[in-house]
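One structure below.
Labels below follow one simple rule: chain letters A, B, ... track the order of the sequence lines, proteins then strands, and each chain is numbered from 1. Keep in mind that what you see is a predicted model, and the values were worked out from it rather than measured.
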Number of protein chains: 4
Amino acid sequence: MATRGVNKVILVGNLGNDPEVRYMPNGNAVANLSLATSESWKDQQGQVQERTEWHRLTMYRRLAEIAGEYLKKGSQIYVEGKLQTRKWQDQQGQDRYTTEIIVDQMQMLGGRDGGQGGQGGGYQQRPQGGQQGGGYGGGNQNYGGGNQGGGYQQPPQQQRPQGGQNQQKPPMAEPDFDFDDDIPF
Amino acid sequence: MATRGVNKVILVGNLGNDPEVRYMPNGNAVANLSLATSESWKDQQGQVQERTEWHRLTMYRRLAEIAGEYLKKGSQIYVEGKLQTRKWQDQQGQDRYTTEIIVDQMQMLGGRDGGQGGQGGGYQQRPQGGQQGGGYGGGNQNYGGGNQGGGYQQPPQQQRPQGGQNQQKPPMAEPDFDFDDDIPF
Amino acid sequence: MATRGVNKVILVGNLGNDPEVRYMPNGNAVANLSLATSESWKDQQGQVQERTEWHRLTMYRRLAEIAGEYLKKGSQIYVEGKLQTRKWQDQQGQDRYTTEIIVDQMQMLGGRDGGQGGQGGGYQQRPQGGQQGGGYGGGNQNYGGGNQGGGYQQPPQQQRPQGGQNQQKPPMAEPDFDFDDDIPF
Amino acid sequence: MATRGVNKVILVGNLGNDPEVRYMPNGNAVANLSLATSESWKDQQGQVQERTEWHRLTMYRRLAEIAGEYLKKGSQIYVEGKLQTRKWQDQQGQDRYTTEIIVDQMQMLGGRDGGQGGQGGGYQQRPQGGQQGGGYGGGNQNYGGGNQGGGYQQPPQQQRPQGGQNQQKPPMAEPDFDFDDDIPF
DNA sequence: TTTT
DNA sequence: TTTT
């Protein structure tokens with residue numbers, strides 16, 4: 001038993017939309033974000049090609065609340081987390097899979113307030129790793145469950161708010177993606 | 001233009017199957033691997049819970065050939081790459097998405113020969129970054145397009161061999177996973 | 001305030017020596033390890049060149065104890081941590097600096113028992129992030145303060161046992177590397 | 001032979017000074033940068049403590065030129081590279097060691113132009129990995145020898161400009177650090 | 001589908 | 001000082 005293996009994702013990009021924050025029955029927050037990373041290159045003909053990759057991010061608890069409060073469409077962030085693929089059924093009852101990044105570290109980028117106009121506030125970050133309530137800080141900080149190594153992730157079963165029919169939509173192929181009301185993500 | 005953002009994945013885990021290697025019309029190899037990372041924890045009742053995550057890896061060219069030659073079911077490897085989500089149509093013509101890790105660095109782990117019995121061979125690895133043919137090395141080496149920072153990845157369009165109907169199967173969960181003859185994945 | 005920035009190191013290599021484990025007055029363990037990573041390349045003349053890099057690792061608490069129990073000279077491990085440069089005075093009273101990696105995640109590599117013959121034992125790993133005592137597991141596991149994101153690191157002041165004169169030895173290159181009795185490193 | 005192990009550093013922080021760019025006899029550029037990452041936490045008494053870590057970065061060639069052109073004191077950047085410890089002799093002829101990060105990927109952060117007022121320009125980034133001349137792009141791009149995995153690093157011997165007496169100064173303990181004229185780093 |  |  002015990003963890004075996006390494007599952008790590010590191011992204012720097014911009015949000016395609018404002019974060020969507022929801023709350024689980026137990027009061028814990030869950031946030032969904034859509035992050036773009038893009039790369040471009042010159043093709044054989046010397047033409048510049050660009051490819052944007054959209055990543056579906058999920059944050060829980062404290063991090064989800066911070067996201068809801070300080071991040072918005074266009075925000076540039078650094079995130080660190082792990083890959084997780086969820087299985088769900090589409091309207092036809094077919095199995096579908098969605099891969100997302102469960103974020104455990106987040107850092108707002110872009111100067112004083114992450115370039116977003118966040119207003120700042122209390123302190124955070126506890127190298128010890130103990131749980132803590134507290135107010136969340138303003139822009140340009142590194143959030144997570146510990147010093148460079150968060151980890152307050154619940155087992156996935158409890159984390160995931162259950163929709164009535166467990167029907168969900170696919171990843172995030174569109175920058176201007178909007179979810180159905182009754183489908184968390 | 002130019003690359004904007006960071007899109008990085010780091011995994012250590014074991015292969016669930018022997019790599020599948022195919023060749024593109026231009027002779028380039030493409031490998032598909034299924035990598036498991038697992039974590040376990042004690043739940044509220046003190047029961048040990050385990051969750052295994054399966055990652056779909058794609059390697060190209062040199063790396064794909066090395067994978068085919070030295071890796072097999074059970075092999076423990078370190079990989080580094082980027083996330084990429086592909087869109088494809090299922091048999092009903094519905095859009096489906098599959099997320100995979102395009103690997104640009106690979107390191108066989110586990111002692112002498114990665115614990116797998118690889119047999120060794122020529123040299124590799126060119127910190128300069130120039131292209132090179134050459135034979136591929138034996139076990140327990142770090143493969144990639146350069147020193148800790150490969151990058152001989154083609155733009156995705158060219159990399160991906162196009163099947164007649166662009167219909168492909170889902171990630172790595174379908175029991176009856178069979179490729180069309182002319183479609184590697 | 002709050003953490004600002006990202007400071008992350010990821011290494012896979014072999015130990016040059018058995019870990020050195022010491023205990024702080026408060027009972028916390030501190031381990032020092034020497035990890036090698038090497039790269040080789042062909043020079044202009046086609047000669048194979050090799051360069052080995054030695055990294056000084058520091059682990060605290062639980063991780064330090066695990067290191068002392070399961071790792072030894074030659075062990076192949078994955079570690080994740082942060083860079084920290086310490087200032088100290090040499091015998092002439094001159095300022096010296098030593099950079100080390102404060103490890104917060106460790107994974108034994110190399111098959112069944114990390115190839116080292118570790119014997120196994122109790123469970124570990126708590127995705128929730130709560131503190132826990134417990135016995136430490138056997139070989140080939142990922143250790144750290146949480147799931148892929150540990151973080152039980154004390155603030156450095158408290159972590160570092162203070163010797164009378166704060167005189168310490170340099171990195172890991174001195175042949176006659178001997179610690180003062182009350183100064184681990 | 002071939003690379004064995006993983007040696008990776010990922011940092012996000014701000015420059016303590018303008019980059020220092022020098023040129024080697026062969027015309028290649030070498031840049032030295034001082035990057036700060038800081039973390040803070042509340043101590044036992046609830047007092048906020050802060051610790052800033054200074055990292056010495058070295059960039060070569062193209063990357064060094066870009067740094068010289070677009071980065072300055074205060075610039076927020078993402079870098080990826082490897083750890084390298086150099087041995088040198090101080091004025092007393094004593095062996096000294098300096099650890100630095102040899103950067104192979106860099107990304108300017110902070111909005112349009114990295115918040116620094118860079119002026120933009122041509123395109124860059126070649127997923128293929130082939131060498132290329134070209135002009136360097138403006139702000140907020142990811143530079144390196146390839147797509148998320150650079151690697152045009154020369155063997156260290158040739159990379160390092162040799163000072164007359166190979167005497168150098170220690171790391172970078174001061175934000176306002178200034179080097180001696182005849183000592184590159 | 002791996003591994004412990 | 002490791003490892004291949």
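- Here C:Trp54 lies parallel enough and close enough to stack on the base of F:dT1, with planes under 30° and ring centres under 5.5 Å apart.
- One atom, OH of C:Tyr78, and another, C1' of E:dT3, lie 17 Å apart when rounded to the nearest Å.
- No donor-acceptor contact under 3.5 angstrom links the side chains of A:Thr85 and B:Trp54, judged on distance only.
- In this entry the distance linking CG of C:Asp18 with P of F:dT1 reads 14 Å, nearest Å.
- For A:Arg4, whose side chain is taken as the heavy atoms from C-beta onward, the closest listed nucleotide among E:dT3, F:dT1, F:dT3 is E:dT3.
- Checking F:dT1, E:dT3, E:dT1 against the side-chain heavy atoms of B:Glu50 singles out E:dT3 as nearest.
- Between B:Leu109 atom CG and E:dT3 atom C1' the separation is 13 Å, expressed in whole Å.
- Rounding to whole angstrom units, CG of residue B:Leu71 and P of E:dT3 are separated by 14 Å.
- Each of F:dT3, F:dT1, E:dT3 was ranked by its minimum atom distance to the side chain of C:Ser38; first place goes to F:dT3.
- Residue C:Leu33 contributes atom CG, which lies 12 Å from atom C1' of F:dT2 at whole-angstrom precision.
- Nearest heavy-atom pair, C:Val48 versus C:Ser40, reported as atom, atom and distance to 0.1 Å: CG1-CB, 4.3 Å.
- The base of F:dT1 lies close enough to the side chain of C:Asn17 for a donor and an acceptor atom to sit less than 3.5 Å apart.
- A salt bridge links D:Glu80 and B:Lys8; the closest N-O separation between the charged side-chain nitrogens and carboxylate oxygens is under 4.0 Å.
- Nearest approach of C:Glu53 to D:Leu83, heavy atoms of both residues: CG-O, 3.5 Å.
- Protein atom CD of C:Glu53 is 20 Å distant from nucleotide atom P of F:dT4, rounded to whole Å.
- C:Thr37 comes within 4.0 angstrom of no nucleic acid atom, judged by non-hydrogen atoms across all strands.
- When rounded to the nearest whole Å, the span between CD of C:Gln76 and P of F:dT2 equals 15 Å.
- Proximity note for C:Asn14 (side chain, C-beta onward) versus E:dT3, E:dT2, F:dT2: the nearest is F:dT2.
- Distance C:Leu11 CG to F:dT1 P: 21 Å, rounded to the nearest Å.
- For the side chain to side chain contact (heavy atoms under 4.5 Å, CB included) criterion with B:Asn32, the lone passing option out of B:Asn17, B:Val21, B:Leu57, B:Thr58 is B:Thr58.
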